[in-house]
Amino acid sequence: MAKVKQKLRYFDFYLFIPYLLLCIVGIVMVYSASSINLSYAGMKTDLYLYRQMAYVLLGLVCFTLAMLIKLKKLTSKKFIICGFYILAFLLLYAKFMTRAVNGANGWIDLKLFSLQPSELCKLYLVLFLAQLLSRREQAAAQNTLQATSRRPWLLVYFLLFLILMEPDLGGFAINFMIVAIMYLASQATRHSSKRAFLYLAGFLSVVMVFVFGLRFWNPLAGTKYNYMYSRLMAFYDPFKVAASSGHQLINSYYAISNGGLFGLGLGNSIQKRGYLPEAYTDFIMAIISEELGVIGVAVVLILISWLTLRIFLIGIRSRDVYETFVCYGIGTFFAVETFFNLGAVTGLLPITGVTFPFVSYGGSSMLVLSITLGIVMNISIRQRRLRAADKNH
C-alpha cells in the first residue's frame, strides 16, 4: 500500500488526463457510430457501448498494473524468451487455426474480444529492442560493440515475417516502423546511423516504386489475396472502383465533406447509416469529422499529439538508456498508428485496417495501448521521484 501511495504522489497527470479524455471520446463515438446499424439489425443499440466501456475499464486495470510493476522484470531473460515463444505460437495459431476476416488470419476469438497477436508484438518488440539497443550502447561505450551477438535480431525478423504471412500489412508496417525508428535512434549505432538511414530510405523507395508499379500490373490476380490489390486500386482512384473496393473511401470523403467546420451534431451522421462500413472501428475519425466537424477532429488530434509528444519528452529526460528507448518505441507506436489511420481515412494511404488509438472500437488495441502507457507512467513516476530526491539533497 505504501508503494501505491508513493507512486500516486508523483503521478503524471499530463500523461493520464489526455489518455482518459481520448477513452471517453472513444466510448461516446463508438456508441454514436454503431447504434443505428445495430437498430437496423434488430439488436440492442448499446451493445458496442457496453463492450467499449468494458475494454476501457480493463485497459485502466492494465494501465495500473503496468504502472506498479518493477521495470526490471521486463528486462529478464525469462520474460524475453517466454514472450517470444508465446507470440510465435499465437501468430502461427492465428494463421493456421482461425477463420480469415477481411482476407487475413490475424484474430483469435476469445469470446469477450478478439485477440490480435500483431498488437501484442508491438509491445513486445518495444521492450525487447529497448533492452537489446541499451546493451549495444553500453557495449559501444566500452568499445566492445563487435563482441555483441546479432542473433537476437533473428527473433525480430521472424516475428515480422509471421505477421506478414497472415497477411496483416497494417500490423507489419507499424511493427517494422517501430523496429526501424528505434534502431535509428540508438546511440550505439551512431557510427553507422547514416548507413542505416540510407538503407531505410532505399527500402521505402523500393516499396513506393513497387506500390505505384502495381497500378499497371496485378501479380495477385486469380489468388485469394486479390483483395489486397483491390485496396491499392481504391487508393489510386476510389471513384473508378466505387461499386467495390472504393466504396469505403468514397463514403469517408462524403462524411468529411458533410461535417465542415462545426459538424452536423453528435448522432446526426448520414454516412454511418449503412453507407460507411467499419464506421466504429477503422473509420471512426470520418464519423467524428461528420458529426463534430474540423473542430472535433482537431481536439482529438491535439490530445493524441500531446500524449505522443509527452511520451517522447519523458524518454528524452530519462537518465536510463533502457527507459529512453522504451519511450521512443512507444511514442513511435502511437505516432505511426495515428498516421496510418488518418492516412487511410483521408485517402493519403491505402486502407490497412489500422485503428485510431483509444478512440476506435477494439479490445486488443485498447489493452495493449493501455499497458504501454502504464509503462511510460511508471518511467515518469520514477523520473519525478529521482528529481525530488535530488532537490532534497
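The basis for the numbers below is simple: all heavy atoms, side chains too, and nothing from hydrogens, waters or symmetry mates.
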Residue list, side-chain contact (heavy atoms from CB on, under 4.5 Å) with Tyr40, at least two apart or on another chain: Ile36, Asn37, Arg273
Hey, does Ile256 have a side-chain heavy atom less than 4.5 Å from the side chain of Val345? yes
With sequence neighbours excluded, residues passing side chain to side chain donor-acceptor pair (under 3.5 Å) with Glu291: Ser32, Lys272
Among residues at least two apart in sequence or on other chains, which ones pass side chain to side chain donor-acceptor pair (under 3.5 Å) with Asn378? Lys7
Taking all non-hydrogen atoms of both residues into account, name the closest pair between Ser252 and Leu276 and its distance. N-CD1, 3.9 Å
Electrostatic pair Arg99-Asp109, nearest N-O below 4.0 angstrom: no
Who are the side chain to side chain donor-acceptor pair (under 3.5 Å) partners of Thr372, not counting sequence neighbours? none
Would a 4.5 Å heavy-atom cut-off, applied to side chains only, mark Trp153 and Leu129 as touching? yes
Closest non-hydrogen atom pair, Pro350 against Ala344: O-CB, 4.0 Å
Identify all side-chain donor-acceptor contacts of residues 294-308 below 3.5 Å with residues at least two apart in sequence or on another chain.
from, atom 1, to, atom 2, distance (Å)
Ser305, OG, Leu301, O, 2.6
Trp306, NE1, Tyr14, O, 2.9
Thr308, OG1, Ile304, O, 2.8

Across all chains, not counting sequence neighbours, the side chain to side chain donor-acceptor pair (under 3.5 Å) partners of Thr332 are none
Trace of the side-chain contact (heavy atoms from CB on, under 4.5 Å) decision for Trp107 with Thr98: CA-CA 7 Å; Trp107 292 263; Thr98 63; over 6 Å; no
Under a 3.5 Å threshold, yes or no: a donor from one side chain and an acceptor from the other, between Gln383 and Ser380? no
Looking at Lys95 and Leu162, would you say the former's side chain and the latter's main chain have a donor-acceptor pair under 3.5 Å? no
Identify, with sequence neighbours excluded, every residue that meets side-chain contact (heavy atoms from CB on, under 4.5 Å) alongside Leu164. Leu169, Phe172
Tabulate below the donor-acceptor pairs under 3.5 Å that side-chain atoms of residues 18-26 make, not counting sequence neighbours, or state none.
from, atom 1, to, atom 2, distance (Å)
Tyr19, OH, Ser370, OG, 3.0

Evaluate the side-chain proximity of Leu155 to Phe128: yes if any heavy-atom separation is below 4.5 Å, no if none is. yes
One pair to check against side-chain contact (heavy atoms from CB on, under 4.5 Å): Thr45 and Ser34. What are the steps and the verdict? CA-CA 7 Å; Thr45 57; Ser34 64; over 6 Å; no
Measure the shortest side-chain to side-chain distance between Val126 and Ile375 over non-hydrogen atoms and say whether it is less than 4.5 angstrom. no
How long is the span from the OG atom in Ser269 to the CD1 atom in Ile288, to the nearest 0.5 Å? 11.0 Å
What distance separates Ile174 CD1 from Glu337 CD, expressed to the nearest 0.5 Å? 4.5 Å
Can any side-chain N or O of Ser360 pair as donor or acceptor with the backbone N or O of Thr281 at less than 3.5 Å? yes
Quick one about Gln116 and Ser364 (side-chain donor to acceptor, distance below 3.5 Å, no hydrogens or angles considered), yes or no? no
Do you know which two heavy atoms are closest between Gln52 and Phe358, and how far apart they sit? NE2-O, 4.3 Å
In a table with atom names and distances, give each donor-acceptor pair under 3.5 Å that connects a side chain of residues 72-88 to protein atoms at least two apart or in another chain.
from, atom 1, to, atom 2, distance (Å)
Thr75, OG1, Lys72, O, 2.7
Ser76, OG, Lys73, O, 3.1
Ser76, OG, Phe79, N, 3.2

Closest approach of Ile108 and Leu90, non-hydrogen atoms and distance? CD1-O, 3.7 Å
Can you name the closest pair of heavy atoms from Pro152 and Leu132 and give their distance? CB-CD1, 3.9 Å
Ser35 (side chain) donor-acceptor with Tyr31 (main chain) under 3.5 angstrom: yes
Tell me if the centroids of the rings in Phe325 and Tyr183 come within less than 6.0 Å of each other. no
May I ask you to decide if Pro277's main-chain N or O and Gln248's side chain share a donor-acceptor pair within less than 3.5 Å? yes
For the OG atom of Ser318 and the CZ atom of Arg382, what is their distance to the nearest 0.5 Å? 6.5 Å
May I ask you to decide if the ring planes of Phe13 and Phe16 are parallel, tilted or perpendicular, using 30° and 60° as cut-offs? perpendicular
Could you go through Ile351 and Phe283, starting from their C-alpha distance and side-chain angles, then the distance that decides it, and tell me whether this counts as side-chain contact (heavy atoms from CB on, under 4.5 Å)? CA-CA 10 Å; Ile351 297 172; Phe283 279 77; 3.8 Å; yes
Could you list the residues that satisfy ring pair (Phe, Tyr, Trp, His ring centres under 6.0 Å) with Tyr48, not counting sequence neighbours? Tyr280, Tyr361
In Leu125, Leu184, Leu159, the residue satisfying side-chain contact (heavy atoms from CB on, under 4.5 Å) with Val179 is Leu125
Any non-hydrogen side-chain atom of Leu373 less than 4.5 Å from a side-chain atom of Ile311? yes
Worked check of side-chain contact (heavy atoms from CB on, under 4.5 Å) between Met366 and Leu58: CA-CA 9 Å; Met366 179 64 71; Leu58 284 173; over 6 Å; no
For Gly171 against Ile163, the heavy-atom pair lying closest together: C-CG2, 3.9 Å
Pairs satisfying ring-ring contact (aromatic ring centres under 6.0 Å, His included), at least one member in residues 242-269, at least two apart: none
Other hydrophobic cluster members with Ile270, side-chain heavy atoms of Ile/Leu/Val/Met/Phe/Trp/Tyr under 4.5 Å, chained? Leu264, Tyr275
Is a side-chain N or O of Ser134 found less than 3.5 angstrom from the main chain of Ala130, in a donor-acceptor match? yes
